[in-house]
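Everything on this sheet refers to the single structure shown next.
Nothing fancy with the numbering, it's 1 onward along the sequence.
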Amino acid sequence: MTTTESEGVSLGMPQLPPPDYPADVRARLEADARDVISRYPDSRSALLPLLHLVQSEEGYVTRTGMRFCAEQLGLTTAEVTAVATFYTMYRRKPSGDYQVGVCTNTLCAVMGGDAIFEALQEHLGVGNGGTTEDGKVTLEHIECNAACDYAPVVMVNWEFFDNQTPASAKRLVDDLRAGARVEPTRGAPLCTFKETARILAGFPDERPGAVEATGGAGPASLIGLRLAKGETPPARVVHPRAGGPEGAQPHEPSPGEHLSSHDAPQKTSASDPANPAGPVGEAREEGE
C-alpha cells in the first residue's frame, strides 16, 4: 500500500510491480534456473531451490527474486510469496554475511543458550533478527539444531559451533567481524551467507576439502539409529532400588535402557499398609 508523505494516509493503491534484474544478471540466473528445474519431473517442485538461488544473488529474497521464480515456474507471485514467507531460511530483508543463530530450544536454553543469546545481543548492540552496522553479522535465536549432544549450540551459516559459552560466542562474532579465519567445530569450512545459499540451491561446493569435511552426530543422537540397525546394547541386569545381591553396586541405566522397566514399583495408597484406602466412594466408619 502507498501513502502520502505529508499526511500518512493510505490511498488503497497496490504496490507497483518489482523491477527486473539487469539483463546480464537475469541471463545468468535463467541458465542456473534451467539447471535446477531440469532435476524435477514437476517444475513447481523446484521452487525451494530457486528461492535459495535468488537469495544467493542479493542475500535475501527480494520482490524481484520472487517475481523471477514465479516467471520461471509458471506460478503466481502470491504462490511464491506464500512459500518464501513460510520458511525461516529465506530472508525477507537485507542481512549480514554471517547468520549467527543461537539455539534457545529447551535443552540448549537450560544449558546456557538463553545466556549466550542475551550476551550476544548486548555485545553486538542488536536485537533478534538485527544486523550489525558493518553488515557482517545477523543475530537470531533459532529452534532445535538436532545437536543436543553438544548443547548449547551456535550455528553460523548453518555450520555447527558446539559447547559454547557467552565468552566463546562473543569471541566468535568478534572474529567474524574482524575477518579472522573461523573454523566450525565440525562440518565444512565457513563461507558467506550468499555462498551458502547457492550451495543450498543445489550447486556444488567447489572449495578444496569442503565436501570431505563432515559433521557427525554425537553418541546419544545415534542410539536410535543403532537400535534400528539391530545393534542392541549389551544386556544389563538392573536391580530394584531396595533389592539386589549383597554388595552390588548401584547401576546407572545406559541411554538405551528404559528407566520405567527397571525401576522398583512406587508405593501407592493401594499397596502401602501405612496408608490404606478402600474403593472410591466406600463409606468410612465413624471414628476413622
**Study point:** Cation over ring face, Arg28 and Phe68, 6.0 Å, 45°
**Key:** no
Would you say [X] and [Y] make side-chain contact, with heavy atoms under 4.5 Å?
{"X": "Val126", "Y": "Thr131", "result": "no"}
{"X": "Ile199", "Y": "Cys191", "result": "yes"}
{"X": "Cys69", "Y": "Leu47", "result": "yes"}
{"X": "Tyr87", "Y": "Leu51", "result": "no"}
{"X": "Val54", "Y": "Thr62", "result": "no"}
{"X": "Arg92", "Y": "Met66", "result": "yes"}
{"X": "Ser95", "Y": "Gln99", "result": "yes"}
{"X": "Tyr98", "Y": "Thr138", "result": "no"}

For [X] and [Y], which heavy atoms make the closest approach, and how far apart are they?
{"X": "Ala46", "Y": "Tyr40", "value": "CB-CD1, 3.7 Å"}
{"X": "Asp97", "Y": "Asn157", "value": "O-ND2, 3.2 Å"}
{"X": "Ala33", "Y": "Leu53", "value": "N-CD2, 4.0 Å"}
{"X": "Gly113", "Y": "Pro152", "value": "N-CB, 3.8 Å"}
{"X": "Thr185", "Y": "Asp162", "value": "OG1-N, 2.8 Å"}
{"X": "Leu176", "Y": "Lys136", "value": "O-CD, 4.5 Å"}

Check your understanding: After noting the C-alpha distance and the side-chain angles of Arg198 and Asp205, does the key distance pass the salt bridge (Lys or Arg N to Asp or Glu O under 4.0 Å) rule?
Key -> CA-CA 9 Å; Arg198 183 170 176 82; Asp205 187 343; over 6 Å; no
Electrostatic pair [X]-[Y], nearest N-O below 4.0 angstrom:
{"X": "Glu159", "Y": "Arg186", "value": "no"}
{"X": "Arg207", "Y": "Glu195", "value": "no"}
{"X": "Arg181", "Y": "Glu183", "value": "yes"}

If Ile, Leu, Val, Met, Phe, Trp and Tyr residues are connected whenever their side-chain heavy atoms lie under 4.5 Å apart, and connections chain through other members, are [X] and [Y] in the same group?
{"X": "Ile142", "Y": "Val100", "result": "no"}
{"X": "Phe193", "Y": "Tyr60", "result": "no"}
{"X": "Met155", "Y": "Phe117", "result": "no"}
{"X": "Leu48", "Y": "Val36", "result": "yes"}
{"X": "Met111", "Y": "Val102", "result": "no"}

Review point. Is the backbone N or O of Leu73 less than 3.5 Å from a side-chain atom of Arg44, with the two atoms forming a donor-acceptor pair by type?
Key: no
Once rounded to the nearest 0.5 Å, what's the spacing between atom [atom1] of [X] and atom [atom2] of [Y]?
{"X": "Arg26", "Y": "Asp20", "atom1": "CZ", "atom2": "CG", "value": "4.5 Å"}
{"X": "Asp175", "Y": "Arg177", "atom1": "CG", "atom2": "CZ", "value": "12.0 Å"}
{"X": "Tyr21", "Y": "Glu30", "atom1": "OH", "atom2": "CD", "value": "11.0 Å"}
{"X": "Gln121", "Y": "His141", "atom1": "CD", "atom2": "NE2", "value": "8.5 Å"}
{"X": "Gln164", "Y": "Ile116", "atom1": "CD", "atom2": "CD1", "value": "6.0 Å"}
{"X": "Thr64", "Y": "Glu57", "atom1": "OG1", "atom2": "CD", "value": "11.0 Å"}

Practice item. Check the pair Val173, Leu139 against side chain to side chain contact (heavy atoms under 4.5 Å, CB included), reporting the backbone distance first and the verdict last. Key: CA-CA 10 Å; Val173 295; Leu139 177 67; over 6 Å; no
Exercise for review: With salt bridge (Lys or Arg N to Asp or Glu O under 4.0 Å) as the test, would you mind laying out the steps for Lys194 and Glu58 before giving the verdict?
Suggested key: CA-CA 7 Å; Lys194 289 182 179 180; Glu58 298 178 87; over 6 Å; no
Exercise for review: Only pairs at least two apart or in different chains count here, so list each salt bridge (charged side-chain N to carboxylate O under 4.0 Å, His left out) that has a residue in residues 138-147.
Suggested key: Arg91-Glu140
Practice item. Please report the C-alpha distance between Val154 and Leu172 in whole Å, then the side-chain angles of each, then the deciding distance to 0.1 Å, and finally whether the side chain to side chain contact (heavy atoms under 4.5 Å, CB included) criterion is met. Key: CA-CA 10 Å; Val154 173; Leu172 170 61; 4.2 Å; yes
Practice item. Take Thr76 and Val80 through the test side chain to side chain contact (heavy atoms under 4.5 Å, CB included) and record every step on the way to the result. Key: CA-CA 7 Å; Thr76 66; Val80 175; over 6 Å; no
Point to revise | Under the side chain to side chain contact (heavy atoms under 4.5 Å, CB included) test, residues paired with His52 that sit two or more places apart | key: Gln55, Met89, Tyr90, Leu200, Ala201
Exercise for review: Using side chain to side chain contact (heavy atoms under 4.5 Å, CB included) as the criterion, point out the one residue from Cys144, Cys108, Cys148 that pairs with Val153.
Suggested key: Cys108
Review point. Can you list the steps and then say if Tyr150 with Asn145 is a side chain to side chain contact (heavy atoms under 4.5 Å, CB included)?
Key: CA-CA 10 Å; Tyr150 304 104; Asn145 290 315; over 6 Å; no
